[in-house]
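A short write-up of the structure that comes next.
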There are 2 protein chains.
Amino acid sequence: MVDQAKKKASKSAVTIVDVAALAGVSIKTVSRVVNSEPNVRQSTRTRVSQAISELNYRPNTAARVLSGKRFYVIGLVYENPNEFSYMKDVLNGALKACEAGGYTLLLLPLTLPNKELVSEVQIFATQSRLDGVILPAPMGDYSEINALLDELEIPFARIAPKTDIADNISVVCNDEEASYSVTKFVIEQGHTRIGFIKGDPEHGATDKRFNGYKSALKDFKLKYDSKLVCDGQFSFESGKSATRKLFKLTDRPTAIIASNDDMAAGTIYEAHERGLNVPNDLSVIGFDDTPIASQIWPPLTTVRQPIMEMAESATTLLIRKLRGENIELPDEPFKCSVVTRASTMHR
Amino acid sequence: MVDQAKKKASKSAVTIVDVAALAGVSIKTVSRVVNSEPNVRQSTRTRVSQAISELNYRPNTAARVLSGKRFYVIGLVYENPNEFSYMKDVLNGALKACEAGGYTLLLLPLTLPNKELVSEVQIFATQSRLDGVILPAPMGDYSEINALLDELEIPFARIAPKTDIADNISVVCNDEEASYSVTKFVIEQGHTRIGFIKGDPEHGATDKRFNGYKSALKDFKLKYDSKLVCDGQFSFESGKSATRKLFKLTDRPTAIIASNDDMAAGTIYEAHERGLNVPNDLSVIGFDDTPIASQIWPPLTTVRQPIMEMAESATTLLIRKLRGENIELPDEPFKCSVVTRASTMHR
DNA sequence: TCTCTTTTTGACAGCGCTGTCATTTGAGCA
DNA sequence: TGCTCAAATGACAGCGCTGTCAAAAAGAGA
């Protein structure tokens, strides 16, 4: 088994010529079958397919790239985060779809803010010869990047973008609805003063989560109080400082919803610092269900997003687009779910 | 600028022929310069180099791969972890080195334990046509994988392996020394009953960290007590259950050293569950300085490893080996450092 | 100066595949 | 049966580079 692999990896790799000989057709016909091109008789197709699997033939990517117009490469352009769990899911989803589709995934981690943003992406796209690009939030909302890719005629797919672009591939989840649910949950626990820490305004999820919070307050007849809302950046530190502000209020909130788990961890940190007991003195809610949510004490009530599935779906759609298939963009957003843990309790 | 890039990406990309024409030499000579081959007169080399930068020429990888014997691809084979921070550093380091060396990095995330381990790696290595492989712990210690790669004649580099292999590239850090330092630190804080939670026995760091603990106890005349030592798996859950065991001891430890931060987070979790105050009632120490170390409360005293630098170094060495350069393996291990935070205090 | 050796340079085939275009096949129909 | 025309198949060039080997240039020695 190992010998066989070795043979294939070195000299006598199976080529299209071998397959053609075994199937008794020309190499062009084999090429047609491999690429699912039309105008091949069913019987021929079957014969070639058999030869392919008999010889365990794999097309040589370098040769395909050299002679054809495609590169079989998809780039993943992302903000290199401190806390990688979101990107880990994106990565795994994209990797899975690429493997299934016969594409290679190339990574471009970027630091934000970044003045060279466009030129970095440009160099990446041209030098790495990309067919398509995946843009997870917040990369999907830089119009310069979108414009660049349009100009280079490189299709791209966005994960959880903020804005819509006509005819473009993007996958989203029902953030607003999920935020509504979790806010409703907190209200039903008897809380009336509910703090909210917003996320990075560049992210599409930020507004949606905030809107869900506001709708729930409204539906349950709680007055919206802007003093209870603080800006954040999705970082642990920003969660801490927003929480400090909320704690300074004379009538401080009895529950705080942070727009992601890292910020919620910051809230819990500050509560501990002040000797407040979570959840007795303060309920805390996060978003994303990252590992930290279950590893801090008390474990966080949070909202789980199916990031990996979203990334896989976006990548698969992109690949199908690259293949020239007719794709229909998903009409239903992906579903989030509330995960109830010990950081919340009834008042 | 964008137009130029577009041009290059599509039809009229600059090829070796253009460079040869501008420099007034044959394409073979350009090829020699590009590949730093010998037997090119210095004046010729300069002229060609100028033409290359003037035209901003980049060799077409597909063509190189097709005609040559190299693939310009390095594979990163890793255990797909729950907590990605270690792998994030490995990834960034490897990516950086690959970019600098003109190689492409391909990922193979694996789930362990895995019966198909060898065949998965084999398929990856042969189908993706790898020149070399990076094996971060614990992947470097599977002898079947090492044997497979040897048989396929694919060089590999290991990060923090457990065992030595003659003549093989590997980078390590001074884990034992660092563990000794941190244990010494705890002893100097006045603790005499110091618990220790071991890591996954597959990892090279596990024994080293344990040995450092034992040496420090010995040097400071504290009796080694096997009841104070528990097995763990580097996971949060294993940290929790090891801690529960330690808490059941009649004379429970006043400090617990966990072999990584996730397990230390488990220890803190259990302490909170029992109403113990960290650090007043229990000092807790971790290893690795992952994000969670600074985001839980209280933040963890831990040991920082320069993983990214190690990965970059391993990858660079591998690339130089692939280029046929004479490499000397580093004789000095990388240095870890103790990061003191609020989870420890004097008794 | 000439010859012999070493260094430097170049001509050319060919890697494995796809795109183009020509040719063959066979189905449908008069 | 022969004819037409679309469908199916094949021949072949060529993508951009490297490996091989031959040729030219430059030194070295006498």
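Below, read A as the first sequence line, B as the second, and so on, with proteins coming before strands; counting in each chain starts at 1. Because the structure is a prediction, the values reported are computed rather than measured.
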When all nucleic acid strands are considered with a 4.0 Å heavy-atom cut-off, which category describes [X]: base, sugar-phosphate, or nothing?
| X | value |
| --- | --- |
| V25(A) | sugar-phosphate |
| P59(A) | sugar-phosphate |
| N60(B) | sugar-phosphate |

OP1 or OP2 of [N] versus the side-chain N and O atoms of [X]: is any pair under 4.0 Å?
| X | N | answer |
| --- | --- | --- |
| T29(A) | dT9(D) | no |
| T44(B) | dT9(C) | yes |
| R41(B) | dT8(C) | no |
| Y72(A) | dC17(C) | no |

Proximal nucleotide (of [options]) relative to the [X] side chain:
| X | options | result |
| --- | --- | --- |
| I27(B) | dC17(D), dC12(D), dT20(C) | dC17(D) |
| A63(A) | dG19(D), dC17(C), dT7(C) | dC17(C) |
| R32(B) | dT20(D), dG16(D), dT9(D) | dT20(D) |
| S31(A) | dC17(C), dT18(D), dT18(C) | dT18(C) |

Indicate yes or no for a side-chain donor-acceptor contact from [X] to the backbone of [Y] under 3.5 Å, with no hydrogens or angles considered.
| X | Y | answer |
| --- | --- | --- |
| R47(A) | A23(A) | yes |
| R129(A) | V65(A) | no |
| D141(A) | K162(A) | yes |

Separation of [N] [atom2] from [X] [atom1] (nearest whole Å):
| X | N | atom1 | atom2 | answer |
| --- | --- | --- | --- | --- |
| D131(B) | dT18(D) | CG | P | 14 Å |
| R64(A) | dG16(D) | CZ | P | 19 Å |
| R129(B) | dC15(C) | CZ | P | 14 Å |
| I16(A) | dG19(C) | CD1 | P | 11 Å |
| N39(A) | dT24(C) | CG | P | 18 Å |
| L66(B) | dT18(D) | CG | P | 11 Å |
| Y57(B) | dC17(D) | OH | C1' | 7 Å |
| K28(B) | dG14(C) | NZ | C1' | 13 Å |

### Message
For E79(B) and Y86(B): C-alpha separation, side-chain torsions, deciding distance, then whether side chain to side chain contact (heavy atoms under 4.5 Å, CB included) applies.
### Response
CA-CA 11 Å; E79(B) 174 182 14; Y86(B) 163 69; over 6 Å; no
#### Entry: Under 3.5 Å donor-acceptor pair, S67(A) side-chain atoms to dC17(C) base atoms
yes
### Task
Please confirm whether any donor atom in the side chain of K69(B) sits under 3.5 Å from an acceptor in the base of dG19(D), or the reverse.
no
### Query
Where does the angle between the aromatic ring planes of F84(B) and Y78(B) fall among parallel (under 30°), tilted (30 to 60°) and perpendicular (over 60°)?
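Rings of F84(B) and Y78(B): perpendicular, over 60°.
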### Query
Using a distance-only test with no angle check, is there a side-chain donor-acceptor pair under 3.5 angstrom linking R64(A) and N35(A)?
yes
